[in-house]
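First the structure, in the form of structure tokens, and then the observations on it.
Excluded from the calculations below are hydrogen atoms, water molecules and symmetry mates; all remaining heavy atoms, backbone and side chain alike, are included. Below, read A as the first sequence line, B as the second, and so on, with proteins coming before strands; counting in each chain starts at 1.
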There are 2 protein chains.
Amino acid sequence: MRKRRETKKTGRRAGSARPERSPAQGEDYEAVFRDFLQEKGLKLTRERKVILEEVFRHDDHFDIDEFYLKIKQKGLKVSRASIYRTLPLLLECGLVDEVKTTERQAFYEHIHGRRHHDHLVCLSCGKVIEFYSPAIERLQEEICRRRRFKSLRHVLEIQGHCKDCASA
Amino acid sequence: MRKRRETKKTGRRAGSARPERSPAQGEDYEAVFRDFLQEKGLKLTRERKVILEEVFRHDDHFDIDEFYLKIKQKGLKVSRASIYRTLPLLLECGLVDEVKTTERQAFYEHIHGRRHHDHLVCLSCGKVIEFYSPAIERLQEEICRRRRFKSLRHVLEIQGHCKDCASA
DNA sequence: ATTGCTATTGAGACTTAATCTCAATTTCAT
DNA sequence: ATGAAATTGAGATTAAGTCTCAATAGCAAT
């Protein structure tokens, strides 16, 4: 008996609800995924296609549960298990980025054709603000080089209150 | 029926097992905690003392489960619930730092009298390497200022392979 | 198109970190 | 010493994520 979406969405994670992106622009992500799968001897199934499409329809951060519900609402059928199995693949082939927040859940966002970026997370309203600092990136590389640490990815998240919530 | 410590400790989180710190130096953390509790109308119980002492005996990162077992081994009796309840207090009064890793668990470390720092986490052996970059700190402040974001804390974690694991 | 091997799926059981419950106990200001 | 209020612990509960396995679907070769 799943009991999700209970305490969730109570005003949090409202964010700047951007409109969904039209699926027309940039179809190439499917090719990227297809190639990746083929190389690993995996199959491009109906479910994986649905998930891929849906990921690229979101232009915002999303969590898996929200994502599952959205797919369900559209009448498409993909199980939670498949989503949990497919997202790591999308991560692995670089189409999706994973953001671990301090809360228990992880959030995802597609990154194909987007720059890597980090996040400011408002602890009051849940808004996620993106930023990118080439200087910070460079410093991180420097730190890794000095310690002969082979960096694969990083998470930089600054938590606090956004200007709207700070004044209130 | 708790079934913990099952898949854990299989070589991971080995880290640089520093010797435990003698409890003699820097007793003041107890005063800090006591004052904090008093201010909030909370009580300094036996359990909280045990937890505090144990936290400051560790000079390394630790997770709650490991921590619970260590206390138990010493014959001291503190329930898991109390640990889960006390650590947030230690966090709140600034005696302890929480490090969310990409794995599901959180790790903790005491920070009283220590500088804030960030982490390199080795995905193979689990080792946690600390670093501190004033330049990065400054850049972060700059980013927040520009967006009128009131920063409370941040997490910067670079994941990859440490020099030992990268060569293997 | 058919075949056959293999990857994949979905429903639901399972795992596990973390939280909650509540009666019994402890702290501490008075 | 006393009593109001906070705290504790054992165990139930929650919820994210993983696993199982029989049924199904992709796809390369024919």
Side-chain angles (χ1 to χ4, degrees), chain A residues 1-10 12-13 30 33-52 62-69 71-72 76-91 98-108, chain B residues 1-10 12-13 30 33-52 62-69 71-72 76-91 98-108:
Chain A
M1 281 306 106
R2 299 263 167 184
K3 273 243 242 97
R4 290 162 193 260
R5 314 262 75 192
E6 216 73 88
T7 49
K8 308 278 288 318
K9 275 294 167 198
T10 48
R12 297 181 56 74
R13 294 291 155 201
E30 186 163 327
F33 194 36
R34 187 194 308 279
D35 291 354
F36 167 79
L37 291 174
Q38 185 145 52
E39 190 144 330
K40 299 200 76 171
L42 304 178
K43 292 166 184 173
L44 182 59
T45 61
R46 190 189 65 79
E47 287 79 2
R48 287 179 178 157
K49 271 187 239 169
V50 167
I51 292 169
L52 181 65
F62 57 91
D63 64 56
I64 290 190
D65 198 46
E66 180 185 336
F67 187 72
Y68 169 72
L69 256 26
I71 285 179
K72 199 163 191 181
L76 303 169
K77 281 218 294 279
V78 176
S79 70
R80 255 183 240 276
S82 289
I83 294 173
Y84 275 108
R85 283 186 287 232
T86 302
L87 276 173
L89 293 175
L90 291 172
L91 235 75
E98 188 187 37
V99 188
K100 285 274 174 181
T101 70
T102 313
E103 297 166 63
R104 250 196 293 178
Q105 277 178 304
F107 287 85
Y108 297 87
Chain B
M1 282 303 106
R2 298 262 166 183
K3 272 243 242 97
R4 291 161 193 262
R5 316 260 76 190
E6 215 72 270
T7 48
K8 309 278 286 322
K9 276 291 165 200
T10 48
R12 297 179 56 72
R13 293 289 157 205
E30 187 164 327
F33 194 36
R34 187 194 309 278
D35 292 352
F36 168 79
L37 291 174
Q38 186 146 51
E39 189 144 333
K40 299 199 76 171
L42 303 178
K43 293 165 182 173
L44 183 59
T45 62
R46 191 190 63 80
E47 288 79 3
R48 286 182 179 154
K49 271 187 240 167
V50 167
I51 292 169
L52 181 66
F62 57 90
D63 64 54
I64 291 190
D65 198 45
E66 181 185 337
F67 187 73
Y68 169 71
L69 256 28
I71 285 179
K72 199 163 191 179
L76 303 168
K77 280 217 295 277
V78 175
S79 70
R80 256 183 239 277
S82 289
I83 294 174
Y84 275 109
R85 284 186 286 234
T86 302
L87 276 173
L89 294 175
L90 292 172
L91 235 74
E98 187 188 38
V99 187
K100 285 273 173 183
T101 68
T102 314
E103 296 166 62
R104 253 195 291 174
Q105 275 179 305
F107 287 85
Y108 298 88

Do the side chains of Arg48(B) and Thr45(B) get nearer than 4.5 Å, heavy atoms only?
yes
Tell me whether the side-chain N/O atoms of Gln38(A) come closer than 4.0 Å to OP1 or OP2 in dC27(D).
no
Less than 4.0 angstrom between a side-chain N/O of Ser82(A) and OP1 or OP2 of dG10(C), yes or no?
yes
Taken to the nearest whole Å, NZ/Lys72(B) to P/dG9(D) is 11 Å
Side-chain contact check for Tyr84(A): nearest option of dG10(C), dG17(D), dT8(C) is dG17(D)
5′-ward residue of the pair Ala81(A)/Leu44(A) relative to DNA chain C:
Leu44(A)
Do the side chain of Lys43(B) and the base of dA5(D) come within less than 3.5 angstrom through a donor-acceptor pair of N or O atoms?
yes
How far does OG1 of Thr86(B) sit from CZ of Phe33(B), to the nearest 0.5 angstrom?
6.0 Å
In this structure, how many angstroms lie between the P atom of dT25(C) and the CZ atom of Arg46(B), rounded?
14 Å
Whole angstrom is fine here: how far is it from CG in Leu37(A) over to C1' in dG26(D)?
12 Å
Proximal nucleotide (of dC28(C), dA18(C), dC19(D)) relative to the Ile64(B) side chain
dA18(C)
All side-chain hydrogen bond (donor to acceptor under 3.5 Å, both in side chains) counterparts of Arg46(A), not counting sequence neighbours
none
Interatomic distance where CZ belongs to Arg80(A) and P belongs to dA15(D) [whole Å]
12 Å
Base, sugar-phosphate, or nothing for Arg48(A), non-hydrogen atoms under 4.0 angstrom?
sugar-phosphate
Thr45(A) vs Thr45(B), nearer the 5' end of DNA chain D by closest nucleotide:
Thr45(B)
Spacing of Phe67(B) atom CZ relative to dA17(C) atom C1', expressed in whole Å
17 Å
Report yes if the side chains of Leu37(B) and Lys43(B) come closer than 4.5 Å at any heavy-atom pair, otherwise no.
no
Which whole-number value in Å describes the distance from Lys77(B) NZ to dT26(C) P?
11 Å
Please state how far atom OH in Tyr68(A) lies from atom C1' in dG17(D), giving the value in whole angstrom units.
14 Å
In whole angstrom, what separates Arg85(B)'s CZ from dA10(D)'s P?
11 Å
Residue among Val50(A), Asp65(A), Val78(A) satisfying side-chain contact (heavy atoms from CB on, under 4.5 Å) with Ile83(A):
Val78(A)
Give the nucleotide from the list dT9(C), dA10(D), dG17(D) with an atom nearest to the side chain of Glu47(A).
dT9(C)
